Amino acid sequence: MTPEVLAGVESRLRPLLTCLPSTLAVRIYSAGRRRFLDSFARRPPRQSFAPQGLERTLWGLSFRSPICNAAGMFKNGQGYEVVARQGAGAYLAGTTTHQLRRGNRRRGVAQPFAPYPRSGAASNWLGLPNVGHEAVAGRLEGLERHQGCPIGVSAAIAGEDNLEQLVAGLERYQAAAVDFLEINDSCPNTAEDPGGFEQMRGRLSYLAEHFLAHRQRDLPVVVKLSCDTAIADVSQVVTTLVELGFDGVNFGNTSTDYSRHRDRLARSEVGLYDRFTSTFGGGVSGRPLKEDSLRLVEAAAEVLAEQTPDQEFHIVRTGGIEDASDVQRSLDAGASLCQWYSGYFEAFARHGHGLYRELYRGL
Ligand SMILES: Cc1cc2nc3c(=O)[nH]c(=O)nc-3n(C[C@H](O)[C@H](O)[C@H](O)COP(=O)(O)O)c2cc1C
């Protein structure tokens, strides 16, 4: 069965499967998701689609549209051909770390995941599984680009990794001719406590001093923060990123504000949600993040309007993007680029490899 057919069939069964006892539903989806993604990334569409009239130049790079996949979809650097042939505006690999990571496991469930189809949402507590910066850089090195579909990588520190190793990873990606980088400073699924603003500023200052200042070519670096970032903190955060010399901010990553999102879920999915969040925790993705990510983009755009950064600084929106109107609202609010994950797979189930073509019709 092709990934397209499988995704279509699964999406019709999903409302039933998620009514199974929670433990069973999480087991089925956690294992099934991994198997599906493996096959999905290995089977590009036969035909290529290249959008017209949506291109933009950001940081001197040509993006043929303002939307690409979010981090976590191609953790090990696979799948460029899939999204490039579908017509994506870019490709993002990772998140990768220095050490190979197998991801989280609890109660016999590896890389726990649960979808909430009626709510357009999901929870995951994967724990950044990936084969490491070095292996992924090797895979991306020398990949032939589709015109207007640059290659980005998301990188982070986790587990025993330190900042020095993250810098070494970023240097390795620089040598591998990657086009842009994203620092994932917002994964809610690793054991480490990221601390507050001062700790974040400390980590980012280190990267600024040891990597940004020594880049050997134009290599934009964006920082991805959580959709839970308080609006009141946006000014301080964006100002800091600009001052440190980063090239953009991405709002954002999954949320751990479980009680707030609970009210945004279909009643029939609250049981599975409660079971998942109380057993694993994890990050909430999809439609519940839509308004939060938009408000963060608006707030960031207001801050930027009052500054004159030396560098070309862009806002990226991730969280709850499902269709053309979401992309348009993002651009109107001041974002230059959008990323999608949950909405992407919903659209894939409906339109198969034609999902970008379909989305661009509304832009
Ligand atoms: C299964 C899964 C794995 C993810 N892995 C990563 C990751 O490795 N790095 C990262 O920065 N974000 C990761 N994310 C978060 C997404 O990139 C995105 O920020 C989030 O899902 C919100 O977008 P969405 O509403 O379009 O899903 C992951 C999300 C999901 C659902």
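Treat the numbers as computed from the prediction; the structure is a model and nothing was measured. Hydrogens, waters and symmetry mates play no part in the numbers below; they use all other heavy atoms, side chains included. Residues: numbered from 1 along the sequence shown. Just so you know, ligand 1 is whichever comes first in the structure, and atom 1 is the first atom listed for that ligand.
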Residue and atom name of the nearest protein heavy atom (relative to [atom]), distance in Å to one decimal:
| atom | answer |
| --- | --- |
| atom 27 (O) of ligand 1 | Ser342 OG, 2.6 Å |
| atom 8 (O) of ligand 1 | Lys75 NZ, 2.8 Å |
| atom 9 (N) of ligand 1 | Thr95 OG1, 2.7 Å |
| atom 21 (O) of ligand 1 | Ser285 CB, 3.2 Å |
| atom 20 (C) of ligand 1 | Thr254 CG2, 3.7 Å |
| atom 26 (O) of ligand 1 | Tyr341 N, 2.9 Å |
| atom 29 (C) of ligand 1 | Asn124 ND2, 3.6 Å |
| atom 15 (C) of ligand 1 | Asn253 OD1, 3.4 Å |

Specify side chain, backbone, both or neither for Leu289, according to which of its non-hydrogen atoms lie closer than 4.0 Å to ligand 1.
->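 For Leu289, only side-chain atoms sit under 4.0 Å from ligand 1.
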
Answer side chain, backbone, both or neither: which part of Asn130 comes under 4.0 Å from ligand 1, heavy atoms only.
->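 Under 4.0 Å from ligand 1, Asn130 contributes no heavy atoms.
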
Consider ligand 1: state whether an atom of it lies below 4.0 angstrom from any non-hydrogen atom of [X].
| X | value |
| --- | --- |
| Arg33 | yes |
| Ala122 | no |
| Gly252 | yes |

Under 4.0 Å to a heavy atom of [X] - the qualifying atoms of ligand 1, by number:
| X | answer |
| --- | --- |
| Gly320 | 24 (P), 25 (O), 26 (O) |
| Gly286 | 24 (P), 25 (O), 27 (O) |
| Gly72 | 4 (C), 5 (N), 6 (C), 7 (C), 8 (O) |
| Trp340 | 26 (O) |
| Gly319 | 22 (C), 23 (O), 25 (O) |
| Lys224 | 10 (C), 11 (O), 12 (N), 15 (C), 16 (C), 17 (O), 18 (C), 19 (O) |
| Leu128 | 8 (O) |

Under 3.5 Å, is there a donor-acceptor pair between the side chain of [X] and the main chain of [Y]?
| X | Y | value |
| --- | --- | --- |
| Ser30 | Phe113 | yes |
| Asp179 | Gly152 | no |
| Gln199 | Gly196 | yes |
| Tyr360 | Gly87 | yes |
| Ser278 | Arg275 | yes |
| Glu312 | Trp59 | yes |

Less than 3.5 Å apart, any donor N or O on the side chain of [X] or [Y] sitting next to an acceptor on the other?
| X | Y | result |
| --- | --- | --- |
| Asn130 | Thr96 | no |
| His133 | Thr97 | no |
| Asp323 | Ser325 | yes |
| Gln86 | Gln47 | no |
| Thr254 | Ser285 | no |
| Ser154 | Asn184 | no |

Euclidean distance, Lys224 NZ relative to Asn253 CG, rounded to 0.5 Å |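 It is 4.0 Å, given to the nearest 0.5 Å.
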
Hey, looking at atom 23 (O) of ligand 1, which of Thr318, Asn250, Ile321, Asp292 has the closest heavy atom?
->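 Minimum heavy-atom distance to atom 23 (O) of ligand 1 goes to Thr318.
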
Return yes or no for this condition: an N or O of [X] is under 3.5 Å from an N or O of ligand 1.
| X | value |
| --- | --- |
| Asn184 | yes |
| Ala70 | no |
| Ala71 | yes |

Are Asp292 and Arg295 ion-paired here, with the side-chain N under 4.0 Å from a carboxylate O?
->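 A salt bridge links Asp292 with Arg295.
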
